[in-house]
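FYI, side chains are in, hydrogens and waters are out, and symmetry mates aren't considered; it's all heavy atoms of this structure. In this chain, residues are counted from 1 in sequence order.
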Amino acid sequence: MTDPLHDPGFFRDPYATYDRLRGAAPVQKVPTGSEGHYSYLVTGHAEARQAFADPRLSKDTARFFAGQASRRNLHPAVSRNMLASDPPQHTRQRGVAAGLFTAGPVARLRPYIEQVVDGLLDGWEPGTRVDLVEGLAAPLPVTVICQLLGVPRDDRAMVSRWSNELFAAGRPDRIDAASHAIGDYMTGLVASARRAPGESLLHLLIQQGDEGPLDPDEVVSLAVLLLVAGHETTTNFIANAVLALIQHPESLARLSRDPDLIAGSLDELLRFDSPVGIATFRYSTEALRLGGTDIPEGAAVLIAPGAANRDPARFAEPHRLDLDRSGAAGHLAFGHGIHRCLGAPLALAEAEIALRAIVTRFPGLRPAVPAEDLEWRQTRLMRGLQALPVVL
């Protein structure tokens, strides 16, 4: 059996593959890559939710790969970040970052997000063709997170390019190079921020580190994580949501008539086409049984939110977009448990503001190319478009 998650057709439409795999078993051993490696893939919703919260599934990748020969050369700020750690290290770092993205701080950001969205859309004219990814979905979240971290305007396109290249599936050389570029850049930015006190999110992280919870390397690592995670998934969230709406014009028309419905529709849009297809790496620290499958100690485990969110055992008619769906908030697009996405409130605010502006300004929005001509990113971690050509 070949790797079922590496076929080019999988990136265009992963859901048929997910259905087939889930139909065989909600947890099963599958080949991953081309060197004889295997992982346990979790595609059922109940099993994914359980796996996300199971402390026997570690995210400490440094421990897993310790002593193994490797040709990889990731920057430590990328390879040893909060996302790749367990308690108590994870608890300490998350405690610092979590307060930065609660409802209060995000609510205070809304006017700035609205300003950025208006600035991006002001040049758009009804009836013209634009790339929604290039024109809105990509620049909005990167502008917001770079503003928060104090990344200079002239550096933002470069930083965004490096971030994108961290997900260049099948190109470890590009991934490694991008990790060093962004890790070295953020090391320099942290050093500059130390010399020039301010009130950016980066200055707050530095202050926390100086007061004890974080060491200097952890400040850089956390800053890199916030930068990358702070925009990659939100870009996919916005673009996937717009694609779903233009492919369901009755839903688009409904939101155009009543934009106040958008906030309550975000969970269903996340469920329908999750911006994260396969969650980041985990491994079993002891033998366990999940979904009727025995997983030995030391096995790689891949949890698929994209599959779980289309599980018919959890969501009736899962392949149908239903903005009135009861229970859509049970999706796993943001994960679950101690590693649940701490930037979720910011992502939701950005998506809501962006979608509101789009549907009110351009109620006649429609696709500019057939669905089969859309180009998807070639990575199973992210579910996102390279471009989304639309007619306004």
Side-chain angles (χ1 to χ4, degrees), residues 39 49-68 70 72-102 145 148-149 163 166 175-176 179-180 182-187 189-191 193-194 201-230 232-233 276 278-286 288 295 297-303 305 332 334-346 381:
S39 300
R49 194 172 190 276
Q50 179 181 343
F52 273 130
D54 195 321
R56 297 172 295 178
L57 295 179
S58 171
K59 298 208 72 184
D60 187 348
T61 52
R63 177 183 171 192
F64 180 81
F65 290 107
Q68 298 186 34
S70 175
R72 300 305 304 276
N73 181 31
L74 289 169
H75 192 286
V78 173
S79 63
R80 300 173 188 170
N81 60 54
M82 180 180 73
L83 199 59
S85 67
D86 295 332
Q89 177 186 350
H90 172 269
T91 307
R92 176 168 46 79
Q93 293 188 24
R94 187 178 176 98
V96 172
L100 305 173
F101 296 99
T102 56
I145 196 64
L148 286 174
L149 287 169
S163 178
L166 287 175
I175 295 171
D176 288 351
S179 78
H180 280 271
I182 203 166
D184 290 345
Y185 176 85
M186 193 56 69
T187 299
L189 193 66
V190 168
R194 285 188 180 279
L201 184 146
L202 189 58
H203 286 93
L204 291 176
L205 290 179
I206 292 170
Q207 179 184 350
Q208 292 277 5
D210 289 344
E211 292 175 356
L214 302 179
D215 65 38
D217 289 341
E218 288 175 330
V219 171
V220 174
S221 173
L222 192 52
V224 169
L225 178 61
L226 294 177
L227 179 64
V228 175
E232 286 289 341
T233 52
V276 176
I278 306 287
T280 48
F281 180 85
R282 286 168 168 79
Y283 73 96
S284 53
T285 58
E286 61 182 81
L288 65 136
I295 299 175
E297 180 182 353
V301 177
L302 301 176
I303 307 172
L332 297 175
F334 291 129
H336 176 66
I338 65 170
H339 286 283
R340 187 180 189 276
C341 176
L342 61 82
L346 179 59
L381 175 64

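In this structure, D54 CG and R282 CZ are separated by 10.0 Å, a value rounded to the nearest 0.5 Å. To the nearest 0.5 Å, the span separating CG on L222 from CG on D217 amounts to 12.5 Å. Distance check: L74 CG to D176 CG gives 4.5 Å after rounding to the nearest 0.5 Å. The CD atom of E286 lies 9.5 Å from the CG atom of L57; values are rounded to the nearest 0.5 Å. We find the CD-CG distance between Q207 and L202 to be 12.0 Å, quoted to the nearest 0.5 Å. Taking CG of L346 as the reference point, atom OG1 of T102 lies at 11.0 Å (rounded to 0.5 Å).
Using a distance-only test at 3.5 Å, with no hydrogens or angles considered, a donor-acceptor pair links the side chain of H203 to the main chain of A193. A donor-acceptor pair is defined here as one N or O able to donate and one able to accept, closer than 3.5 Å; such a pair exists between the side chain of R94 and the backbone of I338. Between the side chain of S221 and the main chain of E218, no donor-acceptor pair closer than 3.5 Å is present. Although no hydrogens or angles enter the test, the distance criterion places a donor-acceptor pair under 3.5 Å between the side chain of S284 and the main chain of G298.
Nearest heavy-atom pair across Q93 and N81 is OE1-C, 4.4 Å. Heavy atoms only, all atoms of each residue included: F281 and A300 are closest at CE1-CB, 3.4 Å. When all heavy atoms are compared, the tightest approach of A77 to V224 is CB-CG2, 4.1 Å.
In this structure, L205 and L226 have side chains that are in contact, with non-hydrogen atoms separated by less than 4.5 Å. Here the side chains of L83 and L225 are in contact, with some heavy-atom distance below 4.5 Å. In this structure the side chain of P305 reaches within 4.5 angstrom of the side chain of F52, judged on heavy atoms. T187 places none of its side-chain heavy atoms less than 4.5 Å from the side chain of V190.
Every residue two or more places apart in sequence or in another chain that forms a side chain to side chain contact (heavy atoms under 4.5 Å, CB included) with S58 is listed here: D60, D86, Y283, T285. The ring pair (Phe, Tyr, Trp, His ring centres under 6.0 Å) search around H75 returns H180, not counting sequence neighbours.
With a 6.0 Å radius and a threshold of 12 heavy atoms from other residues, nucleotides or ligands, R80 has its CZ atom at or below the threshold.
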side-chain contact (heavy atoms from CB on, under 4.5 Å) between L342 and M82, worked out: CA-CA 11 Å; L342 61 82; M82 180 180 73; 3.6 Å; yes
